Protein chains: 2
Amino acid sequence: MRKKEHKECTSALLPVRDTLDIIGGKWKLLILISIWEGNKHFREIERSIPKLSTKVLSKELKDLEENQLITRTVINGFPVRTKYMPTEHSKTLEKVIFELHNWGVHHRKKIFGNKSSNSSVSV
Amino acid sequence: MRKKEHKECTSALLPVRDTLDIIGGKWKLLILISIWEGNKHFREIERSIPKLSTKVLSKELKDLEENQLITRTVINGFPVRTKYMPTEHSKTLEKVIFELHNWGVHHRKKIFGNKSSNSSVSV
DNA sequence: CGGAATCCCATGAGATACTG
DNA sequence: CAGTATCTCATGGGATTCCG
């Protein structure tokens, strides 16, 4: 699941690293959210996220599936169709994302003062 | 602060991205924690984190300083000495880290069943 | 000591083409 | 449609050296 480096580090940090590795990539959350929003098929997801290439999407979907955040189902014969669905487990991420969001907003205020406070909290 | 790509994406996600960019790197949290633990000087921090090179540490410290998570003070003339200290603002990250930790532990259980549940929650 | 500069390689990721 | 394969290039980051 994770690359096996720096095992030595503060062991309490390991679960934090796991989480960051799982949701921290450039695309992971975008893809997950796209699926949460109802996009189910490969091309559908791909089209919903600008700049995302098939290669990367393919890899990211595998990662998400390995981590049981989505399920992958092959539907029928020809042409092949697959369906990606979010798992119940993926819902447990919402709280984490909420905190990340929260801190991001808090941090922006801290850094920039009070402009651009127009962003919804819903994920 | 962030690379200016994919502005188009779900705007509620932007603060999340900010947060992830700030703490998400390979070293950021390790360095921050090292400083929290009391390491103050460049070499001191470097030595406390295996495999960390001066170049990377130098860059990461700048990032952390830009984001007002640490302060940098030059102490005296020769040889030069600097002091890095955590800011109050950095403390607001603890909740986020706690949630990341929490989910990581939860996730490990989900994936692996119940082994290796020996990690303290303190960060 | 605290870094900056340089060199170099591994990886990440975009574009395109191709297959079942 | 759902991916895989290949090629290529940018970047991240490791090792080492050097300077004030």
Side-chain angles (χ1 to χ4, degrees), chain A residues 1-9 17 20-32 34-35 38-66 70-85, chain B residues 1-9 17 20-32 34-35 38-66 70-85:
Chain A
M1 171 172 26
R2 334 174 19 255
K3 283 145 199 157
K4 299 299 182 192
E5 307 142 43
H6 54 69
K7 287 184 170 178
E8 339 70 342
C9 71
R17 276 256 60 86
L20 288 175
D21 289 346
I22 290 168
I23 68 172
K26 186 175 175 183
W27 303 107
K28 294 272 165 53
L29 279 182
L30 287 172
I31 294 169
L32 192 54
S34 172
I35 295 175
N39 295 308
K40 293 178 175 53
H41 308 295
F42 195 90
R43 296 287 173 202
E44 208 175 8
I45 299 167
E46 186 186 2
R47 275 190 301 264
S48 76
I49 304 175
K51 301 283 191 178
L52 177 55
S53 74
T54 66
K55 189 177 77 175
V56 174
L57 176 56
S58 172
K59 175 183 168 295
E60 300 293 65
L61 285 171
K62 269 178 199 154
D63 289 351
L64 290 172
E65 194 191 355
E66 264 180 30
I70 60 175
T71 59
R72 174 179 181 277
T73 321
V74 178
I75 299 191
N76 56 359
F78 194 84
V80 178
R81 247 176 123 59
T82 56
K83 186 169 77 170
Y84 293 94
M85 298 286 284
Chain B
M1 170 170 31
R2 337 174 16 256
K3 283 147 200 155
K4 299 300 182 190
E5 307 142 42
H6 55 69
K7 288 183 168 177
E8 340 68 342
C9 72
R17 277 254 62 85
L20 288 175
D21 289 345
I22 290 168
I23 68 172
K26 186 174 175 184
W27 303 108
K28 295 271 164 55
L29 278 182
L30 288 171
I31 293 169
L32 192 54
S34 171
I35 294 175
N39 295 308
K40 293 177 175 51
H41 308 295
F42 195 90
R43 296 289 172 200
E44 207 176 7
I45 299 166
E46 185 186 1
R47 275 190 300 264
S48 76
I49 304 174
K51 300 284 192 177
L52 177 55
S53 73
T54 67
K55 189 176 76 173
V56 174
L57 176 56
S58 171
K59 175 183 168 294
E60 299 293 65
L61 286 171
K62 268 178 201 156
D63 289 351
L64 290 172
E65 194 191 356
E66 264 180 31
I70 60 174
T71 60
R72 175 178 180 276
T73 321
V74 178
I75 300 191
N76 56 359
F78 195 85
V80 177
R81 247 176 123 61
T82 56
K83 187 169 78 171
Y84 292 93
M85 298 287 283

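Nothing here was measured: the structure is a model prediction, and the numbers come from that model. Throughout, protein chains are lettered first and strands after them, A, B, ... in sequence-line order, and every chain is numbered starting at 1.
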- Query: Looking at C/dG14, D/dC1, D/dG14, which one has an atom nearest to any side-chain atom of A/Pro79?
  - Reply: D/dC1
- Query: Nearest-Å distance, CD1 (B/Ile49) to P (D/dG13)?
  - Reply: 14 Å
- Task: For B/Asn39, check side chain to side chain contact (heavy atoms under 4.5 Å, CB included) against everything at least two apart and list the hits.
- Result: B/Ser34, B/Glu44, B/Ile45, B/Ser48
- Query: Taking all atoms of both residues into account, what is the closest heavy-atom pair of A/Leu57 and A/Phe42, and its distance?
  - Reply: CD2-O, 3.7 Å
- Protein-nucleotide distance (B/Leu52, atom CG; D/dA15, atom C1'), rounded to Å: 13 Å
Scan nucleotides 2-8 of chain D against the protein and return all N/O pairs shorter than 3.5 Å with their distances rounded to 0.1 Å.
| unit_1 | atom_1 | unit_2 | atom_2 | d |
| --- | --- | --- | --- | --- |
| D/dA2 | OP1 | A/Thr82 | N | 3.4 |
| D/dA2 | OP2 | A/Phe42 | N | 3.4 |
| D/dA2 | OP2 | A/Arg43 | N | 3.0 |
| D/dA2 | N7 | A/Arg43 | NH2 | 2.7 |
| D/dG3 | OP1 | A/Arg72 | NE | 3.1 |
| D/dG3 | OP1 | A/Arg72 | NH2 | 2.5 |
| D/dG3 | OP2 | A/Thr82 | OG1 | 2.9 |
| D/dG3 | OP2 | A/Tyr84 | OH | 2.4 |
| D/dG3 | N7 | A/Arg43 | NH2 | 3.4 |
| D/dT4 | OP1 | A/Lys62 | NZ | 2.9 |
| D/dT4 | OP2 | A/Ser58 | OG | 2.6 |
| D/dT4 | O4 | A/Thr54 | OG1 | 3.2 |

- By side chain to side chain donor-acceptor pair (under 3.5 Å) - contacts of A/Lys59 (at least two apart): A/Asp63
- If you round to the nearest 0.5 Å, how far is CD1 of A/Ile49 from CG of A/Leu30? 5.5 Å
- Task: Measure from CH2 on B/Trp27 to C1' on D/dG13 and round the result to the nearest Å.
- Result: 9 Å
- If you fit an axis to the five pairs at each end of the helix from C/dC1-D/dG20 to C/dG20-D/dC1, how big is the angle between those two axes, to 10 degrees? 40°
- Expressed in angstrom and rounded to an integer, what is the separation of B/Lys26 atom NZ from C/dA10 atom P? 14 Å
- Can you name the salt bridge (Lys or Arg N to Asp or Glu O under 4.0 Å) partners of B/Lys55, sequence neighbours left out? none
- Query: Could you state the interatomic distance from NZ (A/Lys40) to OG1 (A/Thr73), rounded to the nearest 0.5 Å?
  - Reply: 11.0 Å
- Query: Quick one: A/Leu30 CG to C/dA13 C1', roughly how many Å, whole number?
  - Reply: 15 Å
- Query: Which value, rounded to the nearest 0.5 Å, describes the distance between A/Ile22 atom CD1 and A/Glu66 atom CD?
  - Reply: 10.0 Å
- From CD1 of A/Ile31 across to P of C/dA13 the rounded distance in Å is 11 Å
- Item | Least distance between heavy atoms, A/His41 atom then A/Ile75 atom | CE1-CD1, 4.2 Å
- Message: Can you measure B/Ile45 atom CD1 to C/dC1 atom P for me and round it to whole angstrom units?
- Response: 13 Å
- Message: Test of understanding: with side chain to side chain contact (heavy atoms under 4.5 Å, CB included), list the residues that count as partners of A/Arg47, not counting sequence neighbours.
- Response: A/Arg43
